[in-house]
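Below, each value reflects all heavy atoms present in this structure, side chains not excepted, and no hydrogens, waters or symmetry copies.
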Amino acid sequence: MRLYLASTSPARLATLRAAGVEPLAVPPHVDEDSLVSAVEAEHGPLDAPRMVGLLARAKAEAVAGKPHDGAPIDGLILGGDSAFLFDGTIYGKPHLPEAARERWRRQRGRSGQLWSGHWLIDHRGGRPGRAVGANAVAVVSFADPDDAEIDAYVASGEPLEVAGAFTIDSLGGPFIRSVDGDPSTVVGLSLSTLRDLVRELGIDWPALWNRG
Ligand SMILES: Nc1nc2c(ncn2[C@@H]2O[C@H](COP(=O)(O)OP(=O)(O)OP(=O)(O)O)[C@@H](O)[C@H]2O)c(=O)[nH]1
């Protein structure tokens, strides 16, 4: 069973590979900011689960809409998105060092919710079939890095391009005190949620394992 990952996230790819699934990664090319702005202009502000759910679905549908390597996609297509909810504000990637530094100085010693959205399209036989989606949340509690540690972490560049300006599986690990929920949710793709979605489509999870 082929899984197409509608994502450029190296962490999502690594998470699937570690779980025995070798996906085909296909960049979704979705303008996330424009899509969220358009939806919010019509329906009002999106909360974190609806935002990540909307973007996960848009990425999966963007990949479903076109052939891959000149042939219709024959398999499952997974879209994902992650955002960090802290003190009532939804954060994506900080992109800028000063933004990452400011966030860490506020979030250290406290907790927030890392939300990840998932959308799975059954595209077997080269045509879109059923699609199922679910969002997952993990509560992340931070340790208390001092200013020098925050400056060093920001200088590493790692926090700039990850949701919430932190990772749990790389340099950011020592700055995370605990995670309450599926840890893979934080990395960007809840494996337990994905298994639920695969089974909801009537497919056994081991069918996705690549046994070489
Ligand atoms: N390694 C790692 N990556 C994380 C962690 N938390 C968030 N991320 C990454 O932060 C990124 C969140 O941005 P998204 O917009 O969801 O995804 P993206 O990286 O832009 O990739 P697309 O799916 O192509 O949009 C994802 O790549 C997540 O994998 C973490 O704890 N560890």
Tell me which pairs pass salt bridge (charged side-chain N to carboxylate O under 4.0 Å, His left out) where either residue lies in [range], with sequence neighbours left out.
| range | value |
| --- | --- |
| residues 5-24 | R17-E22 |
| residues 43-53 | D47-R50 |
| residues 183-197 | none |

**Message:** Among residues at least two apart in sequence or on other chains, which ones pass salt bridge (charged side-chain N to carboxylate O under 4.0 Å, His left out) with D74?
**Reply:** none

**Item:** Pair listing, ring pair (Phe, Tyr, Trp, His ring centres under 6.0 Å) test, anchored in residues 109-128, at least two apart
**Value:** none

Quick check: does any side chain N or O of [X] sit under 3.5 Å from a backbone N or O of [Y], one acting as donor and the other as acceptor?
| X | Y | result |
| --- | --- | --- |
| N135 | V137 | no |
| R108 | R103 | no |
| W104 | A165 | yes |
| E149 | D146 | yes |
| E200 | V132 | no |
| K93 | A163 | no |
| T185 | A136 | no |
| R127 | G125 | yes |
| S170 | G172 | no |

**Message:** I'd like to know if the side chain of D182 pairs up with that of S184 as donor and acceptor (distance under 3.5 Å, no hydrogens or angles considered).
**Reply:** yes

**Asked** Mind checking whether Y153 and F166 have ring centres under 6.0 Å apart?
**Response** no

**Salt-bridge contact R177-D144 (side-chain N to carboxylate O under 4.0 Å)** = no

**Request:** Answer yes when E102 and R105 have at least one side-chain N-carboxylate O distance shorter than 4.0 Å, and no when they do not.
**Result:** no

Check whether any side-chain heavy atom of [X] sits under 4.5 Å from a side-chain heavy atom of [Y], and report yes or no.
| X | Y | value |
| --- | --- | --- |
| L5 | V26 | no |
| L120 | I77 | no |
| M1 | L208 | yes |
| L160 | P97 | yes |

**Parallel, tilted or perpendicular: rings of Y91 and F86 (30°, 60°)** = tilted

**Asked** Is there a path of hydrophobic side-chain contacts, each under 4.5 Å between heavy atoms of I, L, V, M, F, W or Y residues, that connects I121 with I203?
**Response** no

**Prompt:** Between atom OG of S190 and atom CG of L194, what is the distance when rounded to the nearest 0.5 Å?
**Reply:** 8.0 Å

**Request:** With rounding to the nearest 0.5 Å, note down the distance linking OG in S7 to CG in L55.
**Result:** 11.5 Å

**Prompt:** Which residues pass the side chain to side chain contact (heavy atoms under 4.5 Å, CB included) test with L24, sequence neighbours left out?
**Reply:** R2, Y4, H68

